[in-house]
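Accompanying notes for the structure given below.
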Amino acid sequence: MKICSIAAPATAQEAEAIQDALRPRLDLTGPGPRDPALVAGVDVAYADDLLAAAVVVLDGTSLDVVEQVTVPGRPAFGYVPGLLAFRELPSLVDALERLTVTPDLIVCDGYGLAHPRRFGLACHLGVLTGLPTIGVGKTAFVGSFEPPGRERGSWSELLLDGQVVGRVLRTQDGVKPVFVSVGHRVDLETACHDVLTLTPRHRLPETTRAADRLSRSALKAALAAST
DNA sequence: GCGACAG
DNA sequence: ATCTTGTCGC
């Protein structure tokens, strides 16, 4: 699939300006894909100045792997809270371009609309690919919230500046909740529905679990090959 | 001014 | 993200 490449800012100020310039291209019109046929998970693993980006496409119903791609690379930007996209997206876009199928939804590690400038990694990847995207974060980043009920499916609003920017969602009874926010072309209700479909027995979506494992093994292989 | 801070 | 042993639970 063809994807717009991400700009390479030299400074944090430039990076923030790029986010502000792209934010108007966001499509927050719902509802987006409910029970998508093909769902992609993306992740990046690091070791010193090397990295491995991975994309895994799953069948939305069986959750079986349909296709997977890995790409070795170098971090394009330091880790700066709020600017994660500039660090991870260059390599992830490379990997996505090598995909032979087009996913109906991309599940990102991290945040989307729940972001200081309302343009987290999931939003950025959505604008670049034109595909529906959502963000699923493992830890708190921005926004305030009350803990959701302990049962799977319980959720509470993630509020930022008086606006609902996401949901804190319990994906399994008694486990730590995850932070769901929309990226592009999906509404929050649909995003949470899809996350629950992707978490039949674990806290994290099968897409992120698969992408995480793949990126780590690819990094290990790249490390061995460079020796 | 001082912390906090996705991955 | 990554560095890391044993340990509790399904």
Side-chain angles (χ1 to χ4, degrees), chain A residues 6 9 12 15-16 18-19 23 26 40-56 70-93 95-96 106-127 133-145 150-152 158-161 165-169 171-184 188 191 195 199-205 207-223:
Chain A
I6 181 173
E16 292 182 7
I18 291 167
Q19 294 181 323
R23 191 177 46 238
L26 263 188
V42 295
D43 196 16
V44 179
Y46 303 87
D48 299 315
D49 61 338
L50 289 178
L51 65 75
V55 179
V56 180
T70 63
V71 164
R74 306 276 181 183
F77 206 81
Y79 170 66
V80 179
L83 302 178
L84 180 62
F86 298 98
R87 179 173 175 77
E88 306 206 326
L89 290 192
S91 296
L92 283 179
V93 166
L96 285 164
I106 299 177
V107 179
C108 303
D109 270 38
Y111 288 66
L113 246 203
H115 176 275
R117 283 170 298 286
R118 304 299 193 279
F119 201 71
L121 185 152
C123 298
H124 206 138
L125 187 58
V127 168
T133 59
I134 64 175
V136 178
K138 297 181 284 292
T139 62
F141 177 35
V142 291
S144 57
F145 61 93
R150 81 172 295 286
E151 310 75 31
R152 162 178 159 86
L158 183 60
L159 300 170
L160 183 60
D161 301 324
V165 294
R167 284 184 189 175
V168 183
L169 178 67
T171 55
Q172 297 296 326
D173 293 357
V175 304
K176 263 183 56 177
V178 297
F179 299 79
V180 180
S181 56
V182 306
H184 186 58
L188 190 52
V195 168
T199 52
R201 73 167 292 171
H202 294 288
R203 177 171 87 111
L204 298 178
T207 39
T208 90
R209 287 167 47 80
D212 182 73
R213 283 180 306 225
L214 182 60
S215 66
R216 293 195 197 204
S217 65
L219 176 62
K220 196 172 280 188
L223 243 34

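Naming: A, B, ... by sequence-line order, numbering from 1 per chain.
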What one should report as the nearest heavy-atom pair of A/Leu26 and A/Gly183 is CD2-O, 3.1 Å

Has A/Arg216 got a side-chain N or O lying under 4.0 Å from the OP1 or OP2 atom of C/dA1?
yes

| field | pair A/Phe77-A/Ile6: side-chain heavy atoms closer than 4.5 Å | value | no

Minimal heavy-atom distance between A/Phe145 and A/Phe179, with the atoms involved, is CE2-CE2, 3.6 Å

Closest non-hydrogen contact found for A/Arg118 with A/Asp161 is NH2-OD2, 3.5 Å

Worksheet item: Salt bridge check: are A/Asp109 and A/Lys138 linked by an N-O gap of less than 4.0 Å?
Response: yes

Does a nitrogen or oxygen in the side chain of A/Thr139 sit under 4.0 Å from OP1 or OP2 of B/dC5? no

Between A/Cys123 and A/Gly112 the two heavy atoms that sit nearest each other are SG-C, 3.3 Å

- [ ] Could you tell me whether the side-chain ring of A/Phe141 sits stacked on the base of B/dA6, using a centroid cut-off under 5.5 Å and a plane angle under 30°?
- [x] yes

To the nearest angstrom, the CG-P distance between A/Asp212 and C/dT2 comes to 7 Å

When rounded to whole Å, the CZ to P distance for the pair A/Arg213 and C/dA1 reads 15 Å

Listing for DNA chain B: consecutive Watson-Crick or G-U pair runs of at least 3, distance cutoff 3.5 Å, ranges ordered by first number, gives none

**Study point:** Non-hydrogen side-chain atoms of A/Ser144 and A/Leu159 separated by less than 4.5 Å
**Key:** yes

| query | So what does A/Leu83 hit on the nucleic acid, given a heavy-atom distance under 4.0 Å: a base, only sugar-phosphate, or nothing? | reply | base

With sugar-phosphate meaning primed atoms plus P, OP1 and OP2, does A/Ala114 contact a base, only sugar-phosphate, or nothing at under 4.0 Å between heavy atoms? nothing

Check: Is any side-chain heavy atom of A/Glu16 closer than 4.5 Å to a side-chain heavy atom of A/Phe119?
Finding: no

Here the distance between atom C1' of B/dC5 and atom CZ of A/Phe179, to the nearest Å, is 13 Å

task = Quick one: label A/Gly137 by what it contacts on the DNA or RNA (base, sugar-phosphate, nothing), any heavy atom closer than 4.0 Å.
result = sugar-phosphate

Would a 4.5 Å heavy-atom cut-off, applied to side chains only, mark A/Arg152 and A/Thr199 as touching?
yes

Taken to the nearest whole Å, CZ/A/Phe86 to P/C/dA1 is 21 Å

Atom OH of A/Tyr111 and atom P of B/dA6 are separated, to the nearest Å, by 8 Å

Rounded to whole Å, the CZ-C1' distance (A/Arg167 to B/dA6) equals 20 Å

* **Ring-base stacking, A/Tyr79 with C/dA1 (5.5 Å, 30° cut-offs)** => no

Whole-Å distance, A/His115 NE2 to B/dG7 C1', equals 12 Å

What one should report as the nearest heavy-atom pair of A/Ala85 and A/Pro90 is O-CD, 3.8 Å

Reading nucleotides 4-10 of chain C from 5' to 3' and marking B where a protein heavy atom lies under 4.0 Å of the base, S where only the sugar-phosphate is that close, and - otherwise, the string is -------

Q | Sugar-phosphate only, base, or nothing, as touched by A/Leu121 at under 4.0 Å among non-hydrogen atoms | A | base

Practice problem: Describe the nucleic acid contact of A/Gly82 in one word from base, sugar-phosphate, nothing, applying a heavy-atom distance below 4.0 Å. | Solution: base

A/Lys138 NZ to C/dT2 P, in whole Å, measures 10 Å

May I ask you to say what A/Ala45 touches in the nucleic acid, namely base, sugar-phosphate or nothing, with a heavy-atom cut-off under 4.0 Å?
sugar-phosphate

